[in-house]
Amino acid sequence: MAHFITPKKKKRIFDIIQIGKRDDTVSRAFDLFIVAAILANIAVLLLETFEEMAGYSGVLQAIEVVTVAIFGIEYLLRIWTAEYLYPDKSKGQAVLKFLISFDGIVDLCTILPFFFLSGFIALRMLRVVRILHLFRINAYYDSFNVITSVLKEKKNQLISSIFIILVLMAASSLCMYSAEHEVQPEVFRNAFSGIWWSMSTILTVGYGDIYPVTILGQLMAIIISFLGVGVVAIPTGIISAGFVERYTQIQNQNKPRETVRGTVSITVDESSPFVGRGVKEVEDEYQIDILVFIRNGAVIVPVDLTEIVIGDILIYQSQGS
């Protein structure tokens with residue numbers, strides 16, 4: 001293959017199989033083709049569980065073989081072009097980094113069950129993760145990225161709220177054991193046997209397979225249920241507040257703001273038309289004068305050929321103002 005495919009063609013293959021390249025029609029078509037294969041593969045997994053579809057087992061199996069073959073070819077292509085994904089590493093290091101990356105592990109886990117791990121066939125559902133990439137706008141606005149950043153920012157508060165829930169579960173289990181053990185020894189056999197009950201009650205699920213029968217136990221269950229509603233709402237509120245803060249930051253960061261009279265400041269992100277262009281080119285096209293910009297905390301006085309990069313904070317004014 002190396003003799004027939006030039007580095008330029010190999011790079012083009014890499015560009016095509018890259019996820020979410022909206023400005024590349026062929027790459028976009030490839031993404032949609034992979035999505036169709038993923039949906040077809042998942043549909044087969046679901047349809048195979050219906051007895052009514054037994055007569056179509058041959059067709060379903062053929063679809064499964066074809067879709068898994070597509071996934072396998074795509075996986076091999078990603079390994080083959082890994083050097084372009086990690087240009088700062090050698091070919092061997094790039095391949096290894098892809099293999100142990102999140103996308104590489106997901107791809108492998110969705111292929112292996114077909115050949116070796118039939119008991120883990122549900123792992124193929126991980127392919128749905130690939131579909132999420134198609135909704136990317138850029139790394140900063142990516143909804144999945146926003147979720148992970150909010151969880152990282154609020155991790156201390158979330159850990160504290162989860163700790164409170166665990167303490168409440170342990171306490172409620174001990175309380176129910178004390179109240180119900182003598183009446184239901186086969187159900188509340190020890191302090192830990194009530195964990196399932198406390199979990200389902202505090203999380204407001206309440207399956208009803210384990211429940212108190214004594215007056216004291218029922219009174220405690222009422223109190224614990226009310227506490228559970230309030231406690232479970234804590235992490236929900238933390239995450240909701242985090243989303244509001246994050247989106248407010250994004251809107252404020254990309255909204256031009258006046259610094260001194262007639263002067264505007266804006267942060268350059270991936271969607272900005274200024275990225276990768278020279279100062280003079282931007283000034284001429286948009287009729288502005290870039291007075292200064294801040295890069296990595298350093299104040300830089302621009303010259304005509306200074307290239308604008310992501311993260312720069314531009315301070316400019318309209319020409320003639």
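In this text, all values refer to a predicted model and were calculated from it rather than measured experimentally. All values below come from the heavy atoms of this structure, side chains included, with hydrogens, waters and symmetry mates left out.
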Quiz item: Under a single-linkage rule joining Ile, Leu, Val, Met, Phe, Trp and Tyr whose side-chain heavy atoms are separated by less than 4.5 Å, which residues share a cluster with Val309?
Solution: none

Self-check item: Atom of Pro185, atom of Arg189 and distance for their closest heavy-atom approach
Solution: O-CG, 2.9 Å

Donor-acceptor contacts, no H, no angles, side chain residues 276-283, under 3.5 Å, sequence neighbours left out:
{"from": "Arg277", "atom 1": "NE", "to": "Glu281", "atom 2": "OE2", "distance (Å)": "3.1"}
{"from": "Arg277", "atom 1": "NH1", "to": "Pro273", "atom 2": "O", "distance (Å)": "3.3"}
{"from": "Arg277", "atom 1": "NH1", "to": "Glu285", "atom 2": "OE1", "distance (Å)": "3.3"}
{"from": "Arg277", "atom 1": "NH2", "to": "Glu281", "atom 2": "OE2", "distance (Å)": "3.1"}
{"from": "Arg277", "atom 1": "NH2", "to": "Glu285", "atom 2": "OE1", "distance (Å)": "2.1"}
{"from": "Glu283", "atom 1": "OE2", "to": "Ile290", "atom 2": "N", "distance (Å)": "2.9"}

Quiz prompt | For Ser178, all residues meeting side chain to side chain donor-acceptor pair (under 3.5 Å), sequence neighbours excluded | solution = none

Quiz item: So, Ser173 side chain and Ala170 main chain: donor-acceptor pair closer than 3.5 Å or not?
Solution: no

Self-check item: Test side-chain contact (heavy atoms from CB on, under 4.5 Å) applied to Glu182 and Thr214, step by step
Solution: CA-CA 10 Å; Glu182 292 185 5; Thr214 64; over 6 Å; no

Quiz prompt | Residues in salt bridge (Lys or Arg N to Asp or Glu O under 4.0 Å) contact with Lys89, at least two apart in sequence or another chain | solution = none

Quiz prompt | With Ser198 via side chain to side chain donor-acceptor pair (under 3.5 Å) - residues at least two apart | solution = none

Quiz item: Who pairs with Lys97 by side chain to side chain donor-acceptor pair (under 3.5 Å), at least two apart in sequence or on another chain?
Solution: none

Quiz item: Other hydrophobic cluster members with Phe163, side-chain heavy atoms of Ile/Leu/Val/Met/Phe/Trp/Tyr under 4.5 Å, chained?
Solution: Val167

Exercise. Run through the side-chain heavy atoms of Ile, Leu, Val, Met, Phe, Trp and Tyr, join any pair under 4.5 Å, and report what else lands in Phe226's cluster.
Key: Ile222

Self-check item: Over all atoms of both residues, closest heavy-atom pair of Ile70 and Ile34
Solution: CG2-CD1, 3.9 Å

Self-check item: Summary of ring pair (Phe, Tyr, Trp, His ring centres under 6.0 Å) pairs that have at least one residue in residues 268-289, sequence neighbours excluded
Solution: Phe274-Tyr286

Quiz prompt | Partners meeting salt bridge (Lys or Arg N to Asp or Glu O under 4.0 Å) with Lys91 (sequence neighbours left out) | solution = Glu83

Quiz item: Which residues pass the side chain to side chain donor-acceptor pair (under 3.5 Å) test with Gln93, sequence neighbours left out?
Solution: Ser90

Quiz item: Using a side-chain heavy atom cutoff under 4.5 Å and only I, L, V, M, F, W and Y, what cluster partners does Tyr56 have?
Solution: Val44, Leu47, Phe50, Met53, Val59, Leu60, Ile63

Practice problem: May I ask you to decide if Val213's main-chain N or O and Glu180's side chain share a donor-acceptor pair within less than 3.5 Å? | Solution: yes

